[in-house]
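What follows is a single structure, written as structure tokens, with notes after it.
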Amino acid sequence: MADQHRDLDDLIDALRVRPDEAVDLRERPTDADFGMDKEAALARLADTRTAIDLLQQRLYAEGTRSVLLVVQAMDAAGKDGTIRNVLTGLNPAGIHVTSFKAPGGPEVQHDYLWRVHQAVPRRGEIGVFNRSHYEDVLVVRVKRFVPETVWRRRYEHIRHFEQLLTDEGTTVVKVFLHVSKDEQARRFQERLDDPEKRWKFRAGDLDDRALWDDFQAAYTEAIERTTTKDCPWYVVPADSNSRRNMAVGEILRRTLERLDPRIPDPEEGLDGVKVV
Ligand code: AMP
Ligand code: MG
């Protein structure tokens with residue numbers, strides 16, 4: 001068992017991008033099984049959720065730090081499913097999930113980080129971003145919403161922004177759910193064919209799919225330029241839902257374990273106090 005855990009540690013660590021590492025997404029697996037079948041991955045994630053819940057309680061009790069998990073992916077890679085499966089059953093009071101759509105209203109009247117900064121977790125919370133400020137160097141780049149000079153300088157803003165969060169007590173960890181183009185086609189078809197799932201499909205999804213290579217290039221550069229020692233990216237194989245969810249759970253749990261949040265010392269003089 002201990003050996004198995006060490007193996008899994010190594011497999012999860014292998015997903016982490018190193019600072020200054022050249023990233024080639026074609027070389028990175030979309031279909032790793034981590035030596036587990038589906039049932040083993042589900043069981044492992046159930047244990048991991050329990051561990052995350054306890055760690056989050058300690059994080060809240062400590063009250064000084066927070067964790068931000070950023071989830072990015074191509075369409076149908078499973079952002080929603082990952083967030084649901086990793087966080088289900090945890091104390092809702094301790095978790096804050098924010099989904100970022102195309103900006104509108106007051107959001108477009110401000111810089112691109114304005115809405116993002118407002119959504120970062122409070123002390124004691126785990127915050128999760130379903131899409132994020134990274135859209136401003138991804139879709140915005142691929143669809144040419146702003147000129148290159150504008151999106152290119154954002155890498156530096158993002159590094160500094162995430163460093164600010166880190167310095168002020170928010171640990172930032174970023175996952176790219178890496179799905180294959182074939183698996184995306186299969187999932188799109190399933191969405192189209194299943195009346196319960198069709199609402200998730202937009203015609204625009206096919207336009208984005210046609211720009212697959214451009215998106216992969218944009219992800220590659222974003223990951224390379226914003227991976228730092230403190231704010232790593234993990235490229236998580238996403239063709240298998242159960243293993244993908246398991247792996248993201250592991251990443252979140254390890255992040256919390258490294259923080260090792262401590263329950264504060266109780267007030268003095270409570271020994272022997274009887275409640276009457
Ligand atoms: P979904 O996550 O499938 O509900 O779709 C949300 C949509 O919002 C995606 O098409 C994103 O590309 C888009 N989106 C999110 N953030 C931005 C942004 N900053 N600029 C433009 N589009 C964005
Ligand atoms: Mg979508």
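Both counts, for ligands and for their atoms, begin at 1 and track the order of listing. Since we're looking at a predicted model, the values are computed, not measured.
- Contacts with ligand 1 closer than 4.0 Å are made by side-chain heavy atoms of Val140 only, the backbone lying farther away.
- Note: an N/O pair closer than 3.5 Å links Asp136 and ligand 1 by distance alone.
- Both the sub-6.0 Å distance and the 45° axial angle are not jointly satisfied by Arg115 relative to the ring of Phe100.
- Taking the ring centroids of Tyr234 and Phe176, they lie at or beyond the 6.0 Å cut-off.
- Just one residue in the list Thr170, Leu252, Leu55 forms a side chain to side chain contact (heavy atoms under 4.5 Å, CB included) with Val67, and that residue is Leu252.
- Geometrically, ligand 1 and Lys101 share a nitrogen or oxygen pair separated by less than 3.5 Å.
- Near Arg115, meaning under 4.0 Å from any of its heavy atoms, are these atoms of ligand 1: 16 (N), 17 (C), 18 (C), 19 (N).
- The closest side-chain donor-acceptor pair between Ser180 and Asp239 falls under 3.5 angstrom.
- Exactly one of His157, Glu107, Glu135, His133 qualifies for a side chain to side chain donor-acceptor pair (under 3.5 Å) with Tyr112. That residue is His157.
- Taking distance alone, with nitrogen or oxygen atoms compared against 3.5 Å, Lys79 stays at or beyond that limit from ligand 1.
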Exercise. Could you go step by step and tell me if Gln72 and Tyr219 meet the side-chain hydrogen bond (donor to acceptor under 3.5 Å, both in side chains) rule?
Worked result: CA-CA 9 Å; Gln72 284 286 160; Tyr219 267 107; 3.2 Å; yes
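- With a 4.0 Å cut-off on non-hydrogen atoms, Glu107 does not touch ligand 1 at all.
- When each atom of ligand 1 is checked for a heavy atom of Arg202 under 4.0 Å away, the hits are 10 (O).
- In Arg131, the part holding a heavy atom less than 4.0 Å from any atom of ligand 1 is the side chain.
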For this session: Check step by step if side-chain hydrogen bond (donor to acceptor under 3.5 Å, both in side chains) holds for Arg244 and Thr82.
Result: CA-CA 7 Å; Arg244 173 200 68 207; Thr82 301; 2.8 Å; yes
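- When the options Ser132, Gly104, Pro103, Ala102 are ranked by their closest heavy atom to atom 20 (N) of ligand 1, first place goes to Pro103.
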